[in-house]
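Note that ligands are numbered from 1 as they come in the structure, with each ligand's atoms numbered from 1 the same way. Note that the structure is predicted; figures quoted are calculated from it, not measured.
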Amino acid sequence: MKKLMAANWKMHKTATEAEETAREVVRLLDGKLAGDRSVLIFPPFTAIQAVAAVLSGRPGYYWGGQNFHPKDEGAFTGEVSPEMLLDLGCSYALAGHSERRWVFGESDELVGEKVAFGLQKGLRMVLCIGEKLEERKADKVEEVISRQLEAGLAGVNEDVAPESLAVAYEPVWAIGTGEVAGPEEISEAHTQTRVKLRELLGNTADQIPILYGGSVKPANAEQIMELDNVDGVLVGGASLAADSFSGIVPA
Ligand code: PGA
């Protein structure tokens, strides 16, 4: 299975800034990108085209949308459709990022609708899951992982092409806080995720990458990548600067 080294730029960078960063990432990684790793960048919508212009035609480089609305078109002010992302050459989209869930109130069910609709339209989907601090303190990590996977994958079955799906485990308390989950916490959650994926998707589950996200940086990325059932990373803050992201990507 290919490892996915993903950058989530959130609401950062104008098109010009995004193009510069993408160009610099490609330059710094020239000849260093391991054959079993892919780079995936999620720019804000307004910078997708600029990033696409830099990455297109480069093997191992992909880009995607941070969000979409699960409808073909219509009166949905402020939203974009999967078709619009595909039109900009996006291969991937995120669904269920904790900021979508907790800042914008997206339900487990809506996240599941997005995953199913995106796949149906031809996007590869990265489903984000993860518990809040109070849920970890109340010993509910496995319960949250199970619930979010069940709802997030409600419209997906074991016939799904494994390369079109990835799961990102991102404990909410570790996102943007500098507080990275410890190796045991990551291993345990990723194993629980794999077990639940097997329950939901049978043997296909073993070919689906499980990414870790939450304060990943160059200093901790390789240790995290070595853990069982960690098949990539989803990086926010440390992906904004090309030198730091390119320090995370290579093996
Ligand atoms: P962070 O964000 O690396 O800044 O913690 C990760 C994410 O939100 O995907």
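Rounded to the nearest 0.5 Å, atoms CG (L200) and CG (N157) are 11.0 Å apart.
Contact between E158 and T204 at its shortest, heavy atoms only, is O-OG1, 2.7 Å. When every heavy atom of R136 is checked against every heavy atom of Y169, the shortest pair comes out as NH2-OH, 3.3 Å. Among all heavy-atom pairs drawn from L211 and A166, the shortest one is CD1-CB, 4.4 Å.
We find that R100 and E170 are not joined by a salt bridge, their nearest charged nitrogen and carboxylate oxygen being 4.0 Å or further apart. Between E143 and R147, no side-chain nitrogen of the basic residue sits less than 4.0 Å from a carboxylate oxygen of the acidic one, so the salt-bridge criterion is not met. In summary, R23 and E20 do not engage in a salt bridge, as defined by a charged side-chain N under 4.0 Å from a carboxylate O.
Close approach to L234 involves these atoms of ligand 1, each under 4.0 Å from a residue heavy atom: 6 (C), 9 (O). Each of the following atoms of ligand 1 lies closer than 4.0 Å to a heavy atom of G214: 5 (O). Interface of H97 with ligand 1, defined as ligand atoms under 4.0 Å from a residue heavy atom, comprises 7 (C), 8 (O), 9 (O).
Of all protein heavy atoms, the one closest to atom 3 (O) of ligand 1 is G236 N, 2.8 Å. Atom 7 (C) of ligand 1 has its closest protein heavy atom at E170 OE2, 3.2 Å.
In the model, W173 has a side-chain atom that pairs as donor or acceptor with a side-chain atom of E131 under 3.5 Å.
Checking only distances, S215 does come within under 3.5 Å of ligand 1, N or O to N or O. When only interatomic distances are considered, the shortest N/O to N/O separation between G237 and ligand 1 falls below 3.5 Å. For I175, no nitrogen or oxygen atom sits less than 3.5 Å from a nitrogen or oxygen atom of ligand 1, counting backbone and side chain alike.
Within the structure, ligand 1 lacks A238 among the residues with a heavy atom less than 4.0 angstrom away. Under a 4.0 Å heavy-atom criterion, A174 is in contact with ligand 1. Under the 4.0 angstrom criterion for non-hydrogen atoms, K10 is in contact with ligand 1.
Remark: the backbone N or O of C128 is paired with a side-chain donor or acceptor of R101 at under 3.5 angstrom.
With a heavy-atom cut-off of 4.0 Å, N8 touches ligand 1 through its side chain alone.
Which of A168, G176, P171 comes nearest to atom 5 (O) of ligand 1 through a heavy atom is settled by distance: it is G176.
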